[in-house]
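Here is the structure we will look at.
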Amino acid sequence: MERVTAADYHDLAVPSDPRISPDGDRVAFVRRQPNDDDSYETTVYLVDAAGEDDPRRLTLPEGSDAEPRWSPSGDRIAFTSTRGAADDRQQLWVLPVDGGEARRLTDVVGGVSQIAWSPDGERIAFVQSVTADDRDADRDLAVPDEYEPDDHPDPRVIDRTVYRSMERYFDGRRPGVYVVDADATVGGVTDPDPAESGAVTRLTDRDADFAAPTWGDADTLYYTEAVGDDPDDSVEIAIRARDLAAGDDERVHTTTGWGADLAATADGRVAFTHAEPDQVSMRPTDLRVLDAESGAVTDLTGDLDRGLGRGTTPQWGPDEETLYFATPDEGKTALWHVPADGSADPERLLRPGTVSGATVGGETDAGPESVAVAYAASEWDHPGDAFAYDAAADETTRLTELNADYLAERALGEPEEIRFESDGVEVQGWLLTPPAEVEADESADGSAAPDEPYPLAVEIHGGPHAMWSTAGTMWHEFQTLAARGYAVFWSNPRGSTGYGEEFMQAIERDWGAVTMRDVMAGVETVADRPEIDASNAFVTGGSFGGFMTAWAVGQTDYFDAAVSQRGVYDLTGFYGSTDAAYKLVEGDFDTVPSEEPEWLWEQSPTGHADAVDTPTLLIHSEDDTRTPICTAELYHRILRKNGVDTRFVRYPREGHELSRSGEPAHVVDRIERIARWFDGYSEYHDTERALDRPEDDGLTAGEESDEAEK
């Protein structure tokens, strides 16, 4: 058996966004795998829901495909793609499921996302982000052949509180809602000039942020609008209903939260998400239903001590009397159902591994006892596959084995769940030790020989209101470190989701100390084991995990080395430079820098940087607008001036999602640098410090990546 390596990332395929057909017989999903050092092959696949046939690829491996959506009749799939484009703007395509070529419906300047079929299958709603000039010139309806986009304003003039997100500046663009004729064709005989034909219709024509188009009946479209005195600084979200026949819309309700998901029925019931506005970042997300005609609102999950999770949108079941939703739940994802009238409490339908999307289908009268569910999930023994659940038979079928050949040749470790106490509260964690098959593999990297204890690598998750499991996006990194001879420990300390509201709110005004007590309580628990040498321990984490890594080395010399990734190092600097995440400071700390500047400094890792002796590697993305690189630059300079062993690795072209969807060469390089930094201070790895080794020594992507080290 071979051990897992960082470079194996190129061999791993993962599924997402599974969509079950209206009759529940087939499942479409997106399959993603690295294509080379710089890009991914992202295509739509189709598989039989009974698991009787192998999945087949529906779309060409050209461009990047996303959002497969079944037509109501089940004979077509709409999807977005960059195929044939000179840039990364997604356009809308429709593909006959049982044969035929895909047909392009749009050529719009702002790209296409959030697509939704009308109930009669005649129109598709979508969102695109455009400027007022784009609307005036109708480029949001069709792009002229001679048009050249200006993606680099000079100078860049800012008139908004939040003006960038996801490594991009808005540059005057605002998301609006549109519909397109499902029979339209761009560049073909049916519709050679969509701008003149009126195939695309603009529904929102003012400078505001609209999202989440959701159909009620065939002539009613619901969507959200960010509202408030300054919508960028507000958590108020209006739900609007558009009468397409009359051509007007009205606000039917206002909810609050960080964005809102919608799901509607033909008779005017709208399910929506809601979080209480006071310190919104500390509040769980609930599910409510609005009767658009009467204005009555029913809270369906107020008594459920779990908040709805991101990544799975609430949806109506085929009977249109039941709503389905997902929550994080003690290291797994739980799928729930609840009657829309609130007549009963939510019940858990499934609790698989780490779910990256789920949808329901079946006959028109199917309820929780007979519904069909498609979902994509990862478990400890695989990085992700598609599954189908038949509620009538209470059976789950695995539909894919995307990485079967790879897994057959790799030795994997099975994490052990560990429950421990911290401040009288139970905390959940896991310990992954090196697989027995690779324990003696000294020839590769000088890792621990048989019968020797393992050095300990402690991982801390981001968020802070997030949840880790034994799988998901960290599967590859955890298995790689274990294969290199480390025992890997991770946990869900207080502040995490999936354990109730009180647990999540326990870090109010105290990110560092509370989280550290929980993490160290777990470390002390595993340190008592004979197979663990906790006197040779290391720590790493990204985003909030980067904050905690830097916080930990400013509070203790317990760790022999640290790698802080994409971290927040100065809360005041973060407040002023981040995107909408500045609300974390206002919510979690219940303050702003002008009110308590000295106190926020004391709550920041930089405020304790002078106490750091631990060798600390800093990893950051240069285009990260969630945790901008400026606070890392400050922290790095202090470490350098204090003579701490440190290095600053900066990845160009990358944003906050580096570890999850960065350029494949960068993803591999990042993991190898973490391991190389630890190895240099490990008593069980016969190697020099990374600072003393040639720049690319031990880095398989070293010649291909063009990161800058300082």
Side-chain angles (χ1 to χ4, degrees), residues 12-32 44-56 68 70 74 306 308-309 311-319 322-338 346-363 365-404 406-408 412 414-415 417 430 467 469-473 475 498:
L12 298 176
V14 293
S16 64
D17 204 2
R19 294 284 161 165
I20 196 164
S21 60
D23 59 10
D25 290 343
R26 292 181 285 188
V27 177
F29 63 93
V30 175
R31 177 189 181 276
R32 188 189 75 165
V44 178
Y45 274 66
L46 187 67
V47 65
D48 179 73
E52 297 176 354
D53 299 314
D54 292 332
R56 64 183 176 93
W70 291 90
R306 294 289 184 272
L308 272 66
T312 52
T313 302
Q315 58 191 290
W316 293 89
D319 62 2
T322 309
L323 278 158
Y324 297 82
F325 62 96
T327 72
D329 188 29
E330 297 190 13
K332 292 183 179 291
T333 303
L335 302 176
W336 305 76
H337 63 87
V338 62
E347 292 187 24
R348 198 163 63 191
L349 183 68
L350 286 171
R351 190 172 175 266
T354 300
V355 172
S356 59
T359 55
V360 296
E363 300 298 327
D365 61 347
E369 70 288 340
S370 58
V371 76
V373 181
Y375 63 92
S378 173
E379 300 276 5
W380 76 266
D381 57 351
H382 68 90
D385 274 305
F387 297 82
Y389 174 71
D390 181 345
D394 192 23
E395 292 180 351
T396 298
T397 302
R398 186 171 182 167
L399 305 181
T400 66
E401 293 187 58
L402 299 181
N403 301 285
Y406 168 83
L407 293 171
L412 301 181
E414 181 176 1
E417 181 184 0
W430 294 269
M467 182 192 74
S469 67
T470 59
T473 58
W475 183 92

Please confirm whether the backbone N or O of [Y] pairs with a side-chain atom of [X], one donor and one acceptor, at under 3.5 Å?
X: Ser469; Y: Ala471; value: yes
X: Asp385; Y: Arg398; value: no
X: Thr400; Y: Ala386; value: yes
X: Glu363; Y: Gly24; value: no
X: Trp475; Y: Thr470; value: no

Nearest atoms (heavy-atom pairs only) where [X] meets [Y]:
X: Ala358; Y: Pro18; result: N-CG, 4.2 Å
X: Ile20; Y: Ala374; result: CB-CB, 3.9 Å
X: Gly472; Y: Ser378; result: N-OG, 3.2 Å
X: Ala388; Y: Ala49; result: CB-O, 3.5 Å
X: Pro383; Y: Asn403; result: CG-ND2, 3.3 Å
X: Ser16; Y: Ser356; result: CA-OG, 4.1 Å

Q.
Counting only heavy atoms from other residues, nucleotides and ligands, does the tally under 6.0 Å from CD of Glu417 exceed 12?
A.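 It does: Glu417 CD has more than 12 such atoms within range.
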Within the 4.5 Å heavy-atom criterion, are [X] and [Y] side-chain neighbours or not?
X: Val373; Y: Leu349; result: yes
X: Leu350; Y: Tyr375; result: yes
X: Pro68; Y: Val30; result: yes
X: Leu46; Y: Pro55; result: no
X: Asp17; Y: Arg19; result: yes
X: Asp329; Y: Arg348; result: yes

Q.
Taking side-chain contact (heavy atoms from CB on, under 4.5 Å) as the definition, give me every residue that meets it alongside Thr322, ordered by chain and number, with sequence neighbours left out.
A.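 Result, side-chain contact (heavy atoms from CB on, under 4.5 Å) vs Thr322: Asp319, Tyr324, His337, Pro368.
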Q) Once the angle between the rings of Phe387 and His382 is folded into 0 to 90°, is it parallel (under 30°), tilted (30 to 60°) or perpendicular (over 60°)? A)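 Rings of Phe387 and His382: tilted, as their planes differ by 30° to 60°.
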Q) Run the salt bridge (charged side-chain N to carboxylate O under 4.0 Å, His left out) check on Asp48 and Arg26 step by step: do they pass? A) CA-CA 5 Å; Asp48 179 73; Arg26 292 181 285 188; over 6 Å; no
Q.
Just verifying a value: how many Å separate Glu52 CD and Thr397 OG1, rounded to the nearest 0.5 Å?
A.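 So the CD of Glu52 and the OG1 of Thr397 are separated by 9.0 Å.
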Q: Please determine, by modelled atom types, if Ser21 and Asp23 share a side-chain donor-acceptor pair under 3.5 angstrom.
A: yes
(Q) Could you check whether Thr333 and Thr354, counting side-chain N and O atoms only, form a donor-acceptor pair closer than 3.5 Å? (A) no
Q) Step by step, would you call Asp54 with Arg56 a salt bridge (charged side-chain N to carboxylate O under 4.0 Å, His left out)? A) CA-CA 6 Å; Asp54 292 332; Arg56 64 183 176 93; over 6 Å; no
Q: Might you work through the side chain to side chain contact (heavy atoms under 4.5 Å, CB included) test for Phe29 and Thr359, ending with a clear yes or no?
A: CA-CA 11 Å; Phe29 63 93; Thr359 55; over 6 Å; no
Q. Which residues satisfy the salt bridge (Lys or Arg N to Asp or Glu O under 4.0 Å) test with Glu330, sequence neighbours excluded?
A.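 Result, salt bridge (Lys or Arg N to Asp or Glu O under 4.0 Å) vs Glu330: Arg306, Arg419.
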**Q.** Evaluation steps, side chain to side chain contact (heavy atoms under 4.5 Å, CB included), between Leu412 and Leu407
**A.** CA-CA 8 Å; Leu412 301 181; Leu407 293 171; 3.9 Å; yes
Q. Between Val27 and Leu399, is a side chain to side chain contact (heavy atoms under 4.5 Å, CB included) present by the stated rule, with each step listed?
A. CA-CA 9 Å; Val27 177; Leu399 305 181; 3.9 Å; yes
